[in-house]
Amino acid sequence: MTMNTIDEDGYELWLRYRPVDNAERLAQYRKAISSAAVLGTGATAQIIRSELARALAALLDSAVPLPVNPVGNALVVGTIDELKAVGVTIPSAESRDLGAEGFLIRSQQVGSDNWICIAANSAPAVLTGAFHFLRLVQTHQDIHALDLASRPRIRHRVFGHWDNLDGSIERGYAWRSLWNWDELPEKIDSRYHDYARACASIGINGTCLNNVNANAKSLTAEYLVKTAALADVFRPYGIRVYLSPVLSAPVLIDSLATGDPRDPAVAAWWKEKVDEIYRLIPDFGGFQIKANSEGQPGPQDYGANHDDGANMLADALAPHGGMLLWRAFVYDATIDADRAKCAYKEFVPLDGRFQPNVFVQAKNGPIDFQPREPFHPLFGAMEQTPLALELQVTQEYLGQSIHLVYLAEMWKEILDSDTYAIGPGSTVARIVDGSVYGHSASCIIGVANTGSDRNWCGHHFSQANWYAFGRLAWDYDLSVEAIADEWIRMTWSNDPLVLDAIKTMLLGSWQACINYMTPLGLHHMMQAGHHYGPDPAFNSARRVDWNNVYYHRADTKGIGFDRSSAGSNAVSQYHSPLREQLNHLDTCPEKFLLWFHHVPWDHRLQSGHTLWDELQHRYDAGVTFVEKMRSIWQSLQARIDPQRYEHVSRRLEQQLENARLWRDVCRKYFGQFIGNADSGAPM
Ligand code: GCU
């Protein structure tokens with residue numbers, strides 16, 4: 001066993017590049033990479049060169065020469081055109097298949113030398129390929145006879161920051177914003193480059209810099225220059241910048257009389273603003289906007305509708321190739337008394353009325369980033385509109401940066417869910433990638449969990465969610481195990497014992513969180529405001545659907561929200577046969593039971609338990625798993641560097657305490673409805 005005593009603070013993420021400690025592999029790598037030639041000369045090629053220099057020297061524990069032309073057994077890295085100039089021809093059909101962002105990695109004999117070629121159609125795609133190759137080395141893969149090609153399934157893969165201009169982060173749990181607006185554009189923090197490196201290494205190609213609850217100031221000339229400075233940093237990494245505007249910006253910035261999107265003066269203002277942005281940032285990605293939601297202004301304030309607002313902005317962006325992400329996170333209580341139904345009812349009738357560069361952006365589920373939700377019924381309901389999928393990487397409702405919860409499994413469940421929109425196999429993933437309805441545009445956006453905490457995410461294990469978001473956005477067919485495997489090897493160790501142990505922790509963590517917080521389809525039971533910790537009794541909010549009792553509806557008869565055809569009929573927003581399956585108590589998957597049904601306490605579940613017993617069993621199972629994670633972690637002490645070990649240990653203690661609290665509070669609260677208030681553990 002190798003003792004790991006070198007302190008690490010987590011800053012390096014999964015790009016630690018520790019020496020390969022597998023002798024056989026190391027020998028193979030040293031033999032295969034006697035030099036590394038990066039053929040290009042532009043800014044991206046420079047980045048690739050310095051990344052390879054730094055990574056290979058560290059991984060192979062000896063400097064690798066980086067000559068202009070390949071020498072000996074070489075890594076040869078460049079665009080397809082650059083490779084041609086050194087005698088490597090990629091057939092045009094293959095090159096076409098790669099598209100703008102795909103890459104290939106191929107072993108090739110050239111004279112008496114063996115080359116490993118990394119090739120793509122653009123320099124940023126070559127960078128993605130270079131990071132992929134480094135991943136193979138970091139995870140100790142066999143690089144003999146490589147022949148692989150990869151291209152993203154989803155075109156726009158955006159990391160969305162809910163960062164405010166004052167440096168605070170809405171739902172941020174890793175300290176302050178990474179963007180230092182006061183110092184920009186003069187001072188370029190080296191961390192911006194490290195952020196871009198990390199994003200590029202996992203295929204993220206967009207970053208939306210500011211909160212969806214937006215400050216109009218971000219669109220002023222003063223701030224656009226700052227945004228342009230960040231865009232300049234990110235560009236060579238293949239990352240485009242997006243902004244969240246506020247629809248009332250013309251009123252707030254230039255005192256226009258109205259923000260009504262149908263007013264020609266308003267449209268002209270936006271057109272001019274967008275032109276100004278593109279003069280500064282020619283590859284600006286576009287806007288993500290929250291409108292008529294939770295107090296944000298929107299077209300409905302002026303008697304117009306979502307499509308009026310969206311199309312006006314889209315028209316301003318279209319000449320520049322910009323896109324518009326119009327969020328569907330709306331829940332106007334006058335639309336429907338069941339919050340879960342509102343967005344569908346507002347947006348489905350608008351299908352076909354949006355400009356081609358508009359995405360309607362829906363969260364994964366119909367409520368709000370709960371520990372588990374069924375997929376949002378908008379997926380599969382808007383044939384003529386590309387839908388962007390919004391995931392939340394930051395764990396607002398899942399224990400924030402205190403709880404260890406690996407979210408890849410949740411996202412995978414959503415992506416793999418069958419909407420049945422055009423028959424079996426119409427998965428959410430295939431709605432989002434455009435293939436179900438033949439859209440060429442596709443977008444996925446993750447609410448970022450990064451901040452200026454030294455370890456980026458607050459919890460060392462939250463880095464896994466940033467990593468998994470990028471990897472799944474690139475290829476949703478990757479398994480959660482495979483992603484976990486890569487991340488653990490790169491972030492912690494290739495030691496099989498560490499690998500297995502951490503994998504067990506990761507792969508059980510989401511289910512554990514659901515169990516101790518909101519088992520069997522329960523949802524929205526967190527304390528108001530900060531959304532951390534349990535409060536099933538909460539019933540004093542301004543809006544009825546901000547109360548937790550609105551969601552669980554526990555009474556002496558049973559518990560759960562009746563969304564069946566006998567209740568709110570939210571099930572009708574799903575396609576057959578899913579609709580019928582969800583509608584019936586006996587066929588509704590137990591994981592969504594209390595999401596769709598109000599169920600008697602003595603109802604028997606598949607386990608043979610009554611509902612009440614099963615709930616208690618789930619709470620216990622959740623807590624037990626956190627105990628297990630703690631003991632697994634303790635068993636790794638000698639194999640993990642002390643600083644990260646201690647940090648995670650402290651977090652696990654807090655998580656355990658909190659999981660017990662969830663169990664005890666919920667048991668006691670729900671127990672009162674069956675005359676069993678004391679059935680829980682003492683509080
Ligand atoms: C949640 C979250 C808010 C956020 C909102 C949104 O409700 O608590 O902070 O603004 O989602 O997605 O717009």
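For ligands, and for the atoms within them, numbers begin at 1 and follow the listed sequence. The structure presented is a predicted model; accordingly, all values stated were derived computationally and were not measured.
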A.B. asks: Using the test salt bridge (charged side-chain N to carboxylate O under 4.0 Å, His left out), find all partners of E373 that sit at least two apart in sequence or belong to another chain.
C.D. replies: none
A.B. asks: Are Y173 and E396 close enough, and set up right, to give a side chain to side chain donor-acceptor pair (under 3.5 Å), and what steps lead you there?
C.D. replies: CA-CA 9 Å; Y173 313 104; E396 174 181 355; 5.3 Å; no
A.B. asks: Counting the benzene-type ring for Trp, do Y195 and W179 have ring centres under 6.0 Å apart?
C.D. replies: yes
A.B. asks: Would you say that K273 contacts L224 through its side chain, given a criterion of any heavy-atom pair below 4.5 Å between the two side chains?
C.D. replies: yes
A.B. asks: Please enumerate all residues that pass salt bridge (charged side-chain N to carboxylate O under 4.0 Å, His left out) together with D307, with sequence neighbours excluded.
C.D. replies: R353
A.B. asks: Got the residues with a heavy atom under 4.0 Å of ligand 1, by chain and number?
C.D. replies: W162, E170, R171, V212, N213, K290, E294, R327, F329, K363, D368, E396, H531
A.B. asks: Sequence neighbours left out, what passes side-chain hydrogen bond (donor to acceptor under 3.5 Å, both in side chains) with H575? Give chain and number order.
C.D. replies: none
